Amino acid sequence: MRYLVAANWKMNKTVAETLEYLEIFLPKVEDINVVDIMIAPSFTALASASLKLEHSNVKLGAQNMYYMDKGAFTGEISPLMLTELEVDYVIIGHSERRHIFGEKDDLINKKMISAVEHGIRPILCVGETLEERELGKTLNVVERQIRTGLAGIEKDLIYIDIAYEPVWAIGTGVNATPQQAQEVHRFIRSLLNEISKGNDEKTRILYGGSVNDKNAKELIKEPNVDGFLVGTASLDPNKFFNIITEVLEV
Ligand code: 13P
């Protein structure tokens, strides 16, 4: 399986800063062709980033989208607007969307279906809060998020990636240990296997949550950890490149 190392820049970097970053980053990675690399900049930077990435080996991602093609949905972004910019991936159901903006499983499911229908590869984000972990509910929460997120597109799993991002590890500097990640990733793999009737061999299970160039090596060694979704550390082209290097060495 080809690993995926993806950058989620969240609400960071202007257009100018995005282009500056890519100027530094693209030459560093131009010869890397054994792992997939993706960057999800802000919406306002997507068009410029798309042009810049056109002849590169770095894929373009969006951080969110609405599920309808067009209409009276003030402030939303449609899948057609993304495909026009040749966006390859879209992050769906990120924990910040769920917890700050109140996105629920059924909305996330509609977005997942729409992304697959439009040929944009969705990364479905799942993960428990600290409270849920302490109550021993981690696997229940992840199972619910995956089953509802993938409802109706179980046969399309080869066009989908999953990111396990424990909420308590996001932006905190406290990553899941390799053992904690492995326990959940193994569970997700068996769940995917069941719901896709074994047709999940291309579905990568990424880990996200305080990944950096120090802990990437240990995490990527775990079976069923098929790449990373990186926030803070991806904002620095050198750190993001170092993380990719660790993945290359596995
Ligand atoms: P951090 O790497 O900043 O913890 O963010 C992870 C994340 O939310 C990626 O989607």
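By convention here, the first residue in the shown sequence is residue 1. Treat the numbers as computed from the prediction; the structure is a model and nothing was measured. Just so you know, ligand 1 is whichever comes first in the structure, and atom 1 is the first atom listed for that ligand.
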With a 4.0 Å cut-off on heavy atoms, is Ser95 touching ligand 1?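 It does not; every heavy atom stays at 4.0 Å or beyond.
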Does at least one non-hydrogen atom of Gly208 fall below 4.0 angstrom from an atom of ligand 1?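 Flag not set, Gly208 not near ligand 1.
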Those atoms of ligand 1 less than 4.0 Å from some heavy atom in [X]:
X      : result
Gly171 : 1 (P), 3 (O), 4 (O)
Thr232 : 1 (P), 2 (O), 3 (O)
Gly209 : 4 (O), 6 (C)
Ala169 : 4 (O)
His94  : 7 (C), 8 (O), 9 (C), 10 (O)
Lys10  : 5 (O), 6 (C), 7 (C), 8 (O)

Residue-level breakdown please: for Ala233 versus ligand 1, do any non-hydrogen atoms fall below 4.0 Å on the side chain, on the backbone, on both, or on neither?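 The answer is neither.
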Of the backbone atoms (N, CA, C, O) and the side-chain heavy atoms from C-beta on, which set of Leu229 has a member under 4.0 Å from an atom of ligand 1: side chain, backbone, both, or neither?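 It is both parts that get close, each with some atom under 4.0 Å.
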Starting from atom 9 (C) of ligand 1, what is the nearest protein heavy atom, named by residue and atom, and what distance separates them?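 Checking every protein heavy atom, the shortest distance to atom 9 (C) of ligand 1 gives Glu165 OE2, 2.9 Å.
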Which of these, Gly231, Ser234, Pro166, Ala40, has its nearest heavy atom closest to atom 6 (C) of ligand 1?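 Result: the heavy atom closest to atom 6 (C) of ligand 1 is in Gly231.
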Under 3.5 Å between any N/O of Ser210 and any N/O of ligand 1: does that happen in this structure?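 Such a contact does occur with ligand 1.
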May I ask you to decide if the ring planes of Tyr164 and His185 are parallel, tilted or perpendicular, using 30° and 60° as cut-offs?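 Because their plane-to-plane angle is over 60°, the rings of Tyr164 and His185 count as perpendicular.
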Checking the side chain of Trp9 only, and the main-chain atoms of Ser234 only, is there a donor and an acceptor separated by less than 3.5 Å?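 Yes: the side chain of Trp9 pairs with the backbone of Ser234.
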Check: Asp69/His118 side-chain N/O donor and acceptor closer than 3.5 Å: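 Yes, a side-chain donor-acceptor pair sits under 3.5 Å.
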Side chains of Glu128 and Trp168 only: does a donor on one sit below 3.5 Å from an acceptor on the other?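 Yes, a side-chain donor-acceptor pair sits under 3.5 Å.
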Of Glu103, Glu117, Glu76, which is the lone residue that meets salt bridge (Lys or Arg N to Asp or Glu O under 4.0 Å) with Lys111?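 When Glu103, Glu117, Glu76 are each tested with Lys111, the salt bridge (Lys or Arg N to Asp or Glu O under 4.0 Å) holds only for Glu103.
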Which residue pairs pass the ring pair (Phe, Tyr, Trp, His ring centres under 6.0 Å) test when at least one of the two sits in residues 56-103, sequence neighbours left out?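 Those involving residues 56-103 are Tyr66-Phe73.
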Show your reasoning for whether side chain to side chain contact (heavy atoms under 4.5 Å, CB included) applies to Ile37 and Phe240. CA-CA 10 Å; Ile37 302 169; Phe240 189 44; 4.2 Å; yes
Does a side-chain N-to-carboxylate-O contact under 4.0 Å join Lys202 and Asp161?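 No salt bridge links Lys202 with Asp161.
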Remaining members of hydrophobic cluster (4.5 Å side-chain criterion), Leu80: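 In the cluster with Leu80 there is nothing else; it is isolated.
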